[in-house]
Protein chains: 2
Amino acid sequence: MLTQTLNTQAINTQIVGKIAPAHPVADQFGAITGHVGLVATEFSYRKDEEIYGEDEPAEYVYQVVTGAVSSYKLLSDGRRQIGAFHLPGDVFGLESGPAHRLAAEAIIDTTVRLVKRASLEKAAATDVQVARKLWAMTAGELRHAEDHMLLLGRKTAMERVATFLLEMDRRLAVAGMMALPMCRRDIGDYLGLTLETVSRALSQLHAQGILGFSGARQIVLRNRQRLQHLDA
Amino acid sequence: MLTQTLNTQAINTQIVGKIAPAHPVADQFGAITGHVGLVATEFSYRKDEEIYGEDEPAEYVYQVVTGAVSSYKLLSDGRRQIGAFHLPGDVFGLESGPAHRLAAEAIIDTTVRLVKRASLEKAAATDVQVARKLWAMTAGELRHAEDHMLLLGRKTAMERVATFLLEMDRRLAVAGMMALPMCRRDIGDYLGLTLETVSRALSQLHAQGILGFSGARQIVLRNRQRLQHLDA
DNA sequence: CGGCTAATTGATGAGAGTCAAGCAGCGTGG
DNA sequence: CCACGCTGCTTGACTCTCATCAATTAGCCG
């Protein structure tokens, strides 16, 4: 079904390495594919559209060009844990085994670049540098997951929200302001909290002057030091 | 300081591949090192002894021969999150980057086999099969961490304990009985609960006839199906 | 058998969840 | 350009699960 969607909506096929990196930072996708001449395709998803499901065969590896994606697991009764948010430049959907172990969906309108998993595997089989990079990317995800386990298992609601704000500030702040792509429910599902608890924590930080709002999703951190102090 | 300890206590140096695997299951260590002739050393730690600290340089990769190890992170005030338990046969301490991102300590008297990280790196640089195996091991850890994030973020206390029992049953049950190497506090720190909550959940499962005790750490699962049902 | 550590159990309380109401921001259409 | 309506966010009142504090009890090793 992903394949079907791809066939009907794919808009842009290019040789990776001939296009400019989407972002000024080291382009992780290019680092893998640049010198092996893999074909990458651009593709778009609308807000709330599923990119792949949990346990679905991992046919493609993705990189966010614009927009934002969440990776998550569900329990049978609908409880959801978001494991990571993927922002422009981030690679997601990379698996060592045959299937995706989290589902992924666009949280706002999103464009991704994608390559076939099989072609990466093939490149890795002959090029040790590619193999090393794939390992390093998985290790980076593991590092994030380990940090997040500490947050989910042992931090208070306020500490979780403080950690979240500092992470998003680091990853998407422009000119000291961040435009959050995700709603309060998504933040709650990422932090193991309810959306109400997230909202209350943000309100409290606002009341203390630690952050400012210009719209619920436009946040300015006014005192990173105090926020770091709240983050245990 | 690890080096110092190694110098004083190392007892056994061997060519990996010439010794019998510690366990009947596929030997992960051997899979990496068997055909490249790496030198492995055996080494022992006493209960509660630290094997390496968080952010310490990752000089060695380890495999549990006998005993059990926990990998954990600490907050400044002492709150602890155990990310994984390592049981006989398990590899731990494998890093793609330069440092350990969790600390590790023996939870009972433990013997490990270890190889220099640098020699693995070297083997991976020339042997794509080794590189692939290292990636797969890190991916396996990531899979466990992703499952554990769901547990920590979204499961109830009883669901967490049920998940834990089923995991340990799968990993260390012999003749339908499991001998837990870890205390209630360790279980709590793994599940994001207090030791009292773990104890109460176990007592409740006992009262319902779902499990039997012969000593606090000797547990028999009498009804895996009901336990699976309690695990969401 | 004695003494220590680990585990159980009970009483109480705090932090986050649930349920519910109202508000604000934003996109749409008149 | 402004009004309307939808969705998402905030806030309040109350509940409940799990943490905390405390006292026994059980298990284990010398």
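- Taking a cutoff of 4.0 Å between a charged side-chain nitrogen and a carboxylate oxygen, B:Asp231 and B:Arg160 do not qualify as a salt bridge.
- A donor atom on one side chain and an acceptor atom on the other are not found under 3.5 Å apart for B:His86 and B:Ser70.
- Here C:dA16 presents its P atom at 14 Å from NZ of A:Lys155, a figure rounded to the nearest Å.
- For the pair B:Leu152 CG and C:dA16 P, the interatomic distance rounds to 16 Å; values are reported in whole Å.
- A:Arg154 has its CZ atom 13 Å from the P atom of D:dC18, to the nearest Å.
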Subject >> Stepwise side-chain contact (heavy atoms from CB on, under 4.5 Å) test for A:Leu166 and A:Gln228 >> reply: CA-CA 8 Å; A:Leu166 291 167; A:Gln228 251 142 11; 3.8 Å; yes
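- The environment of CZ in A:Arg226 is crowded: more than 12 heavy-atom neighbours from other residues, nucleotides or ligands sit within 6.0 Å.
- One interatomic measurement links the two molecules: CZ of A:Phe213 to C1' of D:dT11, which rounds to 13 Å at whole-angstrom precision.
- At the heavy-atom level, B:Gly188 lies nowhere under 4.0 Å from the strands shown.
- Remark: B:Arg80 is positioned above the aromatic ring of B:Tyr72, its terminal NZ or CZ atom under 6.0 angstrom from the ring centre and at most 45 degrees off the axis.
- For A:Thr156, whose side chain is taken as the heavy atoms from C-beta onward, the closest listed nucleotide among D:dT10, C:dA6, C:dA16 is C:dA16.
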**OP:** Decide side chain to side chain donor-acceptor pair (under 3.5 Å) for A:Thr111 and A:Ser44; before the verdict, give the C-alpha distance in whole Å, the side-chain angles of both, and the deciding distance to 0.1 Å.
**Re:** CA-CA 4 Å; A:Thr111 299; A:Ser44 292; 3.0 Å; yes
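- Rounded to an integer number of Å, the gap from CZ of B:Arg79 to P of C:dG15 is 12 Å.
- When the P atom of C:dT5 is taken as reference, atom CG of B:Leu195 falls 16 Å away, rounded to whole Å.
- Proximity of the aromatic rings of A:His148 and A:Tyr190 is defined here by a centroid distance below 6.0 angstrom, and this criterion is met.
- Across all strands shown, B:Arg160 has no heavy atoms under 4.0 Å from either base or sugar-phosphate atoms.
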Original post:
Could you run down nucleotides 18-26 of chain C 5' to 3' and tag each one B, S or - for protein heavy-atom contact under 4.0 Å?
Top reply: BB-------
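- When heavy atoms are screened at a 4.0 angstrom cut-off, A:Leu193 is found touching the sugar-phosphate backbone but no base atom.
- The side chain of B:Ser203 lies closest to C:dT9, out of D:dT11, C:dT9, D:dC18.
- Taking the six-membered ring for Trp and the full ring otherwise, the centers of A:Tyr52 and A:Tyr62 sit less than 6.0 Å from each other.
- B:Met182 has its CE atom 18 Å from the C1' atom of C:dT5, to the nearest Å.
- Classification of B:Arg200 and B:Glu196 as a salt-bridged pair fails, no side-chain N sitting under 4.0 Å from a carboxylate O.
- B:Arg217 has its CZ atom 13 Å from the C1' atom of D:dA26, to the nearest Å.
- Taking five base pairs at each end of the helix from C:dC1-D:dG30 to C:dG30-D:dC1, the local helix axes there meet at an angle of 40°, rounded to 10°.
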